[in-house]
Structures are given as C-alpha cells and as structure tokens.
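Only this structure's heavy atoms are used, side chains among them; waters, hydrogens and symmetry mates stay out.
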Amino acid sequence: MTRPNSPLIRQLLFALTLTLSAVSFAAGNQRIISADSGSTELLVAFGLQDQLIAIDVTSTQPDTDNPLPSIGYHRNLSAEGIMSMNPDILIGSNHMGPDHVIKQLKQSPVKLIQLPVAHTTEQLNQNIHTLAQQLGQPHLGNSLIEENKKTLQQLQAQSLQQENAVFLLSMDSKLRMAGRKTGGGALIALTGAQNLADYDNYRSISVEALVAMQPSIILVSTRDPQDGIRKFLDSNPLLKHTPAGQHGKIYAVDGRTIVSGGLSVSALAEAKRLSDKAQASASLADAKHQE
C-alpha cells in the first residue's frame with residue numbers, strides 16, 4: 001500500500017494542483033491585480049476586465065459596474081495591501097517597486113508577471129504575446145497582435161517622414177520635451193515624423209528654444225482634447241509663430257495613451273488619428289496653394 005506521504009502521492013498531488021490551475025486559467029476564474037496602466041489596458045483589450053479586482057493609480061478605470069479599488073502608485077507598492085485582496089495574479093512592469101516588496105511578492109503564492117516598458121511596437125507585441133501566454137489564453141494575444149499589424153501598415157502607408165515634430169508635456173507652466181526612450185518619442189516614431197529632440201528621456205525647454213527649433217508638428221499631451229490646445233496656446237502664444245502654429249499642426253494627444261513612459265495599444269490608434277489629421281491639413285494647404 002502506498003503511504004499518504006510517499007513521493008508518489010506527493011507527485012500526484014503536485015500534478016493535480018497544476019491541472020486545477022490550468023483549468024482555472026481556461027475557465028477565466030483568476031483574480032487579477034494590475035499595477036501598471038499598460039497592463040490594465042492590455043487586460044481590457046483582451047476582454048478580461050471582469051477578472052480585475054484592483055488597479056494602480058496610473059491606470060484608467062475599466063468600464064465596469066463599480067470602480068475598482070486602488071493599490072496606490074506602482075513604484076511604492078505594499079505587499080500586505082496586495083496580499084489582503086487575495087489575488088491570484090499581479091501584473092506590472094519592470095518599474096514596480098520598491099525592491100523589498102517585489103522580493104516578498106515573489107516568495108508569495110501570487111503569480112507575479114512583470115513586463116518591460118515598451119518603447120517600440122516590437123516590444124509592445126512581445127509583451128502582448130508574453131501576457132497572453134502567461135494567462136493561458138494565447139489566442140487573445142495573437143488576435144491583438146494582428147490588429148496592431150494592420151494599424152502599423154496603415155501608418156507606414158501615410159508616413160509623416162517629411163515632418164519635424166516635438167512632443168510636449170505642459171506642467172505647472174513649464175514645458176518638457178520628449179526625447180528617445182519615452183512614450184512621447186515612441187508616439188512620434190509611430191507617425192514616421194522626425195523627433196527634434198536628440199536625447200533620451202524628457203528635458204525642460206523654453207518657449208523661445210522651441211520657436212528656434214521651428215517644428216512643423218507639435219504634439220501636446222492633454223486630457224482636455226476640446227480646449228487643451230486653446231489653453232496651451234493662450235499660455236504660450238509665441239508657438240503660433242512656428243511652422244506648426246502657422247499651419248494648424250499643433251495637436252492634442254490623449255495623455256492616457258502614453259502609459260508608464262511607454263507605448264500602449266491605444267497609442268497606435270492615437271498615432272493613426274494624428275497622422276490622419278496631419279495628412280488632412282497638408283491636403284487643405286495644397287488645395288489653398290493651388291487656388
């Protein structure tokens with residue numbers, strides 16, 4: 001007779017645990033916490049928002065019946081707070097912290113999934129693939145990646161490669177311009193335009209320096225698409241004298257599409273919208289020139 005604590009019994013119990021976990025994944029019974037706005041957006045794009053039980057403060061609330069509780073800022077997490085919600089999975093970026101909390105979470109029963117910040121569409125698609133695989137639903141990732149490829153093909157077909165662009169954050173009457181390895185820089189790259197910032201990260205810049213750069217497109221991050229640009233130009237009237245200002249190519253960007261310093265799925269749609277607007281402005285200018 002096989003004893004209850006024999007190696008064979010332990011192996012069978014372990015195999016049963018793995019099987020039940022796989023069934024749970026397939027049945028969609030996971031309790032998920034997202035500690036990153038990009039992860040939250042991917043889960044919503046997968047149609048898994050009903051499995052979310054909490055999100056971080058950078059995430060947009062999914063369209064659910066009740067607002068989800070917040071776990072705070074993703075760089076300042078609390079292991080106790082997270083564990084008290086009894087999650088099965090915690091998803092976030094490699095910027096999650098602090099380190100001692102991440103170490104605690106790795107030693108807990110919670111499945112921890114950390115995705116690199118996506119500064120390129122290749123990394124974004126890799127994150128989609130990885131997350132879908134980790135959730136046991138690879139078909140969701142494949143479908144989303146195919147949608148992304150179609151949008152990228154449309155962007156490449158109407159590339160703004162002749163445009164010189166800047167991406168700005170306007171905070172407390174100060175301007176910060178996006179360089180490489182930023183969400184803003186990645187958004188410019190999606191449109192095919194040339195980023196006039198020749199550095200990494202964000203740097204403060206004066207209005208006078210911006211005018212001297214003569215950008216033909218200015219992108220401004222705002223959550224007020226209706227009046228955001230008007231207010232921005234009222235505060236920075238000199239920018240009306242740039243090529244972008246003179247040709248009506250100062251555009252509001254939905255700041256929610258720039259997640260945790262990187263690209264999101266919605267950033268592709270936002271880049272397509274901006275590219276369409278720039279193409280329409282160029283066509284209108286050509287028509288007026290020919291009159």
Side-chain angles (χ1 to χ4, degrees), residues 21 24-25 27-119 123-124 126-137 140-141 144 169 171 181-184 186 201-202 221-223 254-267 270:
S21 297
S24 181
F25 269 119
N29 295 324
Q30 298 299 298
R31 292 173 56 83
I32 303 175
I33 293 177
S34 174
D36 174 76
S37 53
S39 302
T40 302
E41 187 181 281
L42 287 183
L43 290 166
V44 172
F46 287 164
L48 302 179
Q49 60 267 23
D50 289 342
Q51 296 184 40
L52 279 166
I53 61 171
I55 55 178
D56 78 313
V57 295
T58 70
S59 295
T60 300
Q61 283 283 349
D63 186 14
T64 53
D65 293 336
N66 299 304
L68 293 170
S70 172
I71 58 169
Y73 185 48
H74 63 271
R75 292 181 185 268
N76 191 30
L77 300 175
S78 163
E80 293 79 9
I82 289 172
M83 295 302 295
S84 70
M85 296 181 179
N86 192 30
D88 297 306
I89 305 173
L90 172 65
I91 306 171
S93 74
N94 49 9
H95 289 167
M96 291 166 62
D99 291 342
H100 73 274
V101 169
I102 302 304
K103 183 177 180 180
Q104 286 178 284
L105 292 170
K106 286 181 177 178
Q107 295 171 348
S108 76
V110 177
K111 182 181 180 68
L112 179 63
I113 302 173
Q114 288 182 273
L115 303 171
V117 173
H119 295 302
Q123 184 61 63
L124 176 61
Q126 182 58 53
N127 286 353
I128 292 170
H129 174 77
T130 298
L131 182 57
Q133 291 283 342
Q134 289 287 319
L135 295 176
Q137 303 198 54
L140 296 177
L144 189 54
L169 299 177
M171 302 178 295
K181 297 183 179 179
T182 65
N201 302 316
Y202 284 89
S221 178
T222 177
R223 295 203 175 194
D254 186 344
R256 293 171 296 183
T257 64
I258 307 299
V259 294
S260 300
L263 283 178
S264 65
V265 174
S266 59
E270 185 70 352

Any residue meeting side-chain hydrogen bond (donor to acceptor under 3.5 Å, both in side chains) with Q104, in chain and number order, not counting sequence neighbours: none
Between CD1 on residue I32 and CD1 on residue I89, distance to nearest 0.5 Å: 4.5 Å
L43 and Q49, any side-chain heavy atoms less than 4.5 Å apart: no
Derivation of the side chain to side chain donor-acceptor pair (under 3.5 Å) call for Q134 and K111: CA-CA 9 Å; Q134 289 287 319; K111 182 181 180 68; 2.9 Å; yes
Side-chain heavy atoms of L42 within contact of S39, under 4.5 Å: no
L105 to M83 - nearest heavy-atom pair and separation: CD2-SD, 4.3 Å
4.5 Å side-chain heavy-atom contact, M96 and L77: yes
Pairwise distance CD(Q61) to CG(L68) - rounded to 0.5 angstrom: 5.0 Å
For M85 against S70, the heavy-atom pair lying closest together: CE-O, 4.4 Å
Side-chain touch I102/L112, heavy atoms, less than 4.5 angstrom: yes
Exercise: identify the closest heavy-atom pair between L90 and V110: N-CG1, 3.7 Å
Interatomic spacing from OG1 in T60 to CG in D254 - rounded to 0.5 Å: 8.0 Å
Check: D88 side chain, R31 main-chain N or O, donor-acceptor pair, under 3.5 Å: yes
Atom pair CG/CG of D56 and N76 - distance to nearest 0.5 Å: 11.5 Å
Contact summary for S59 and T40, nearest pair of heavy atoms: OG-OG1, 2.7 Å
Interatomic distance, I82 atom CD1 to S108 atom OG [nearest 0.5 angstrom]: 9.0 Å
S221: side-chain hydrogen bond (donor to acceptor under 3.5 Å, both in side chains) partners, not counting sequence neighbours: none
Under 3.5 Å donor-acceptor, Q30 side chain and L135 backbone: no
Backbone N/O of I55 and side chain of S34: donor-acceptor pair under 3.5 Å: no
Distance (rounded to the nearest 0.5 Å) between I113 CD1 and Q133 CD: 11.0 Å
Over all atoms of both residues, closest heavy-atom pair of Y202 and G184: OH-N, 3.4 Å
Qualifying residues under side-chain hydrogen bond (donor to acceptor under 3.5 Å, both in side chains), relative to Q126, sequence neighbours excluded: T130
Exam field: side chain N94 to backbone Q114, donor-acceptor pair closer than 3.5 Å: no
Contact summary for L124 and S264, nearest pair of heavy atoms: CD2-O, 3.7 Å
Close side-chain approach of V117 and D36, heavy atoms under 4.5 Å: no
